[in-house]
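The figures here come from the full heavy-atom set of this structure, side chains too, leaving out hydrogens, waters and symmetry mates.
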Number of protein chains: 2
Amino acid sequence: MTLLGALDLGGTKILAGVFEADDLDVGEPAGLTAWRPVGRRQVKTRAEEGPEAVVARMADLLRDLAGSRTVRAVGLASPGPLDTRRGVIIHAPNLHWRDVPVVERLEGLVGAPVFLDNDANLAALAEWSVRDGPDPLLLATVGTGVGGGIVIGGEIFHGFRDAAGELGHITVAAGGAPVECNCGNRGCLETAASGSALQRRLRERLGRDVTAGELARLLAAGDPRALEAVSETARWLGVGLAAAAALLDPEVIVVGGGVAGLGEPFLRVVREEVRARLMPASWRGKGGPQVEAARLGRDAALLGAALLARRRLAVGGPHNGKDGKRDPRKGDPA
Amino acid sequence: MTLLGALDLGGTKILAGVFEADDLDVGEPAGLTAWRPVGRRQVKTRAEEGPEAVVARMADLLRDLAGSRTVRAVGLASPGPLDTRRGVIIHAPNLHWRDVPVVERLEGLVGAPVFLDNDANLAALAEWSVRDGPDPLLLATVGTGVGGGIVIGGEIFHGFRDAAGELGHITVAAGGAPVECNCGNRGCLETAASGSALQRRLRERLGRDVTAGELARLLAAGDPRALEAVSETARWLGVGLAAAAALLDPEVIVVGGGVAGLGEPFLRVVREEVRARLMPASWRGKGGPQVEAARLGRDAALLGAALLARRRLAVGGPHNGKDGKRDPRKGDPA
């Protein structure tokens, strides 16, 4: 049995897992019944110690989890922007890293090929893999910010510069947006539909910060201020997802991340807004896009990383190749 | 030599052309040096006469252009929404048509397979074919409304319901949009960045309607009211294209349609707005998306229709097949 390593590098924590390759179905969706890692661990990132220390910690984690066995390949999920082909983290604001050749460094320590992709992209691939082959699939992760991933024809869609799927930075309120985004613009979806935006609205209405647990209690009690804040955030997400759907015409839209954890009170409003903004004339009797909750929770990107490693190993092709341009139709399985 | 027919069905006019198949390069971009039709004609649509009369007129046009020869296949560009696989125009507002099985009817008259696709999609394919294989390519057509087409990996991207690329109906101004769109929503790009929006702005500033020729003279004379109206329209288009670019990460954005005919005074502002709204961190030294004027003018969709017919004939596969789901990676060349 072939052992694969998977890592999900985040601003505050690192998730690591090892998977049996045979448990991971490649290419065909809905076959992924046994996706659970044979070993899994979570540690703090401690990004302030610098890339070298963090990469060493990731290698140690995999070694510990593998025990006496060896991992044949590693998938690495990372925040971006990335250069997935060169294996470089170009800029990870939450880690305060720039231009880190993370693949080369990690390969040097684990002695196996490492494959890098964006965490939201890999979460999208994983959510695709546990469904009946939806095409296209659009994933929105709504946490502190808003991220996105697109799967077309069962493969992660990267665009020309590895920059596709930046759902959080589409402009939805160019007219009168009060809040400036971290990216420097005004009117970004992220400023209107993120967990931070929800917190801002709760603060405005309740006069103080609200924890996730408290918010859940307020919603359960039917507190109108909490319901309003959640519903306004959901409507904005719906506006952004409808814009994305007008362009991509996804079969399924998956909503994940912490805010999606609010469940149906949130998702129902998102769904209504998406459907209200799309033109049913073009649906050919198929109905509008499904808007569904993510199924994989916090392990989505980790599983996506394992799938990436599995696919790359299966095709045996060059990993993070340095050759020219990507052709989405040929031999680049993820 | 194989003769192909091409039709571009519009609300006011029908363009028809016949092409030598060998003049049309399939699959490989930038090889399209001899794309001119061997015969070409334009007539009024007269949609009020009904689908049957219009389809008969299209068949007559092709017969006249082909002379003593026979067309082996026909590509048909139509406004949508369409069902390209069943060959049905689901709804063409400008024609006042609903559920017209245009492919079946036209095939009955011309005695050759007919392949249907959206006019903006086919214009995008044609613009792709005269460039160096940009991937992805996003086309915006800015006329009375705003249309869009997406080419990924050299193939038209249709999405799940043949509804992808609806650039005109992404929401860019959800906050305070004053103008309701034909689709029923507020804040659509089409209400802010179309020729109609430009006319509205000119009327507001000049107190009367302005013809295209007069607008050109005003711009040449540096009239500040005309420049402002054009520049505001261009900025809104830039907002929408930046949103689309954040999702699709196109290598090239092509801007066509009547309003794009204003040239650099318009395109320069579009380009500035697109670049200002995207995050250069992810560009990996490749620069932001090129924003270019369309190269094919009014014949773009006609050429795209000819290319569609050429490709479908070349693969010899089922045309407008009634079988299940499209797999964008396999055997569906356009």
Side-chain angles (χ1 to χ4, degrees), chain A residues 80-83 86 90-91 133-136 148 150 152-155 157-177 183-185 187 236 239-240 242-244 246-251 276-279 281-284 286 289 325-330, chain B residues 80-83 86 90-91 133-136 148 150 152-155 157-177 183-185 187 236 239-240 242-244 246-251 276-279 281-284 286 289 325-330:
Chain A
L82 310 173
D83 184 333
R86 286 177 47 238
I90 296 176
H91 184 204
D135 184 22
I150 299 166
I152 296 177
E155 302 181 16
F157 175 68
H158 287 96
F160 181 61
R161 303 163 192 80
D162 261 345
E166 278 293 353
L167 189 65
H169 300 285
I170 66 173
T171 301
V172 288
C183 78
N185 281 311
W236 277 109
V239 170
L247 282 173
L248 294 170
D249 187 20
E251 183 172 357
R277 287 189 173 268
L278 291 174
M279 289 183 294
S282 59
W283 292 346
R284 301 189 295 162
K286 291 186 176 186
K325 192 154 143 180
R326 183 193 314 271
D327 180 342
R329 287 172 302 179
K330 284 174 212 143
Chain B
L82 310 173
D83 184 332
R86 285 177 49 238
I90 296 176
H91 185 204
D135 185 21
I150 300 166
I152 297 177
E155 303 181 14
F157 175 68
H158 287 96
F160 181 61
R161 301 162 194 81
D162 263 344
E166 278 294 352
L167 188 66
H169 300 284
I170 66 173
T171 301
V172 288
C183 78
N185 281 311
W236 277 108
V239 170
L247 282 172
L248 294 170
D249 188 20
E251 182 172 357
R277 287 188 172 268
L278 291 174
M279 288 183 294
S282 59
W283 290 347
R284 299 190 296 163
K286 291 187 178 187
K325 191 154 143 180
R326 183 193 315 270
D327 180 341
R329 285 173 303 178
K330 283 175 212 141

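Taking every heavy atom of both residues into account, Arg161(B) and Glu251(A) meet most closely at NH2-O, 3.6 Å. Between Ala246(B) and His169(A), the closest heavy-atom pair is CB-O, 4.1 Å. Scanning both residues, Phe157(A) and Ile152(B), for their nearest heavy atoms gives CE1-CD1, 3.7 Å. Residues Asp249(B) and Ala164(A) come closest through the heavy atom pair CB-N, 3.5 Å.
Note on Ala242(A), Gly80(A), Gly165(A), Gly148(A): by heavy-atom pairs under 4.5 Å with chain B, the leading option is Gly165(A). The most heavy-atom pairs under 4.5 Å with chain A, out of Val239(B), Ile150(B), Leu247(B), come from Leu247(B).
Proximity of Phe160(B) to Pro136(A): side-chain heavy atoms (C-beta onward) are separated by under 4.5 Å at one or more points.
Proximity to chain B involves both the backbone and the side chain of Leu167(A), based on heavy atoms less than 4.5 angstrom apart.
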